[in-house]
Amino acid sequence: MSETYMLEATGLTRRYGGFTALNNVSFRLKKGEIRGLIGSNGAGKSTCMDVLTGRGRNPQGVVKLDGQDISGFSERERRIAGLSRSFQKTNIFPELTIRQQVELAARRAEMNNSEEILEELSLSAIADRPASDVSYGDQRRVDLALALVGRPKVLLLDEPAAGLTIEESLSLARHLRSLAERWQLTVLLVEHDMEVIFAICDRLTVLHLGEVLTEGLPDEVRSNPEVIRAYLGSTFA
Ligand SMILES: Nc1ncnc2c1ncn2[C@@H]1O[C@H](COP(=O)(O)OP(=O)(O)OP(=O)(O)O)[C@@H](O)[C@H]1O
């Protein structure tokens, strides 16, 4: 029997006028896999996330979620189908409490699991405080809670460790690894923090100038001379 994939992207392409930001990008993620999507600034990582979630106009390519072709779906339809995204910039309504925000997201996702999510993200003790009133690290966990509330099949994470301390980043990384295992969650992770990437990713896809430069196991990617030249430098070689 042929292998089934939880997320399959084929020929993803996006042009802005005459500029091709993403060119014929393809990859496949197995169920429960954490895939790192890395590359230098402007490589096309956020554009790739946009095309996967149906954001913006004229995306080209095919996106399959758990075998279903969702290329024609709207952003909302993709989310309901099980493709969720957490954003690079914190996504919070500052005047609402954390519990109210998570409940709002749960209602939108037609789910009733806000308490489960608050507990999972260790937010129960601070759930009745306004989101603007908690630390930056806690706010990032609220972002993650909002993305997880619909119990997605696939979670797209855009720089979840941005602005966190090293300890907070590694704690987040361990938490994500454990979540992926316990919930059979498939994750596509865009992250500049290579400590986080190498700590939890099963495989990496490297983008360069809108194209896939290479894909492989973290150790293979780390020692690939083209990747070192284009992105990693000598730090992680
Ligand atoms: N709306 C837009 N109009 C024109 N060009 C754009 C637009 N959005 C992105 N681009 C360009 O597309 C390319 C890819 O950008 P993208 O944001 O996807 O890169 P990235 O890898 O996510 O970068 P970063 O790590 O800095 O977030 C860049 O050259 C960027 O300037």
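When a ligand or atom number is given, it counts from 1 through the structure's own listing order.
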Ignoring hydrogens and geometry beyond distance, is a side-chain donor-acceptor pair present between S122 and R141 at under 3.5 Å? no

Test item: E120 and W183 side chains (from C-beta on) under 4.5 Å apart, heavy atoms: yes

Below 3.5 angstrom, do we get any N/O pair linking G42 and ligand 1? yes

I need the atoms of ligand 1 closer than 4.0 Å to a non-hydrogen atom of A43, numbered in the order shown. 19 (O), 20 (P), 21 (O)

Please walk me through it: do E226 and T214 pass side-chain contact (heavy atoms from CB on, under 4.5 Å)? CA-CA 9 Å; E226 276 189 289; T214 190; 5.8 Å; no

Just jot down the side-chain hydrogen bond (donor to acceptor under 3.5 Å, both in side chains) partners of E116, sequence neighbours excluded, or say none. N113, R151

Using heavy atoms and a threshold below 4.0 Å, how should the contact between C48 and ligand 1 be classified: side chain, backbone, both, or neither? neither

Residues 203-213 vs salt bridge (Lys or Arg N to Asp or Glu O under 4.0 Å), sequence neighbours excluded, gives R203-E215

Could you tell me, atom by atom, which parts of ligand 1 come under 4.0 Å of a heavy atom of F19? 11 (C), 12 (O), 13 (C), 29 (O)

Under 4.0 Å to a heavy atom of T47 - the qualifying atoms of ligand 1, by number: 14 (C), 15 (O), 16 (P), 18 (O)

Do P160 and E191 have side-chain heavy atoms sitting under 4.5 Å apart? yes

Could you say whether the N/O atoms of A21 and ligand 1 ever approach to under 3.5 Å? no

Sub-4.0 Å atoms of ligand 1 with respect to non-hydrogen atoms of S46: 17 (O), 18 (O), 20 (P), 22 (O), 27 (O)

Numbered in order shown, the ligand 1 atoms found under 4.0 Å of a heavy atom of S40 are 21 (O)

Tell me whether ligand 1 is touched by G44 - counting only heavy atoms on the residue side and a distance under 4.0 Å. yes

Side chains of H175 and L121, heavy atoms from C-beta outward: is any pair under 4.5 Å? yes

Would you please determine whether H192 falls within less than 4.0 Å of ligand 1 on a heavy-atom basis? yes

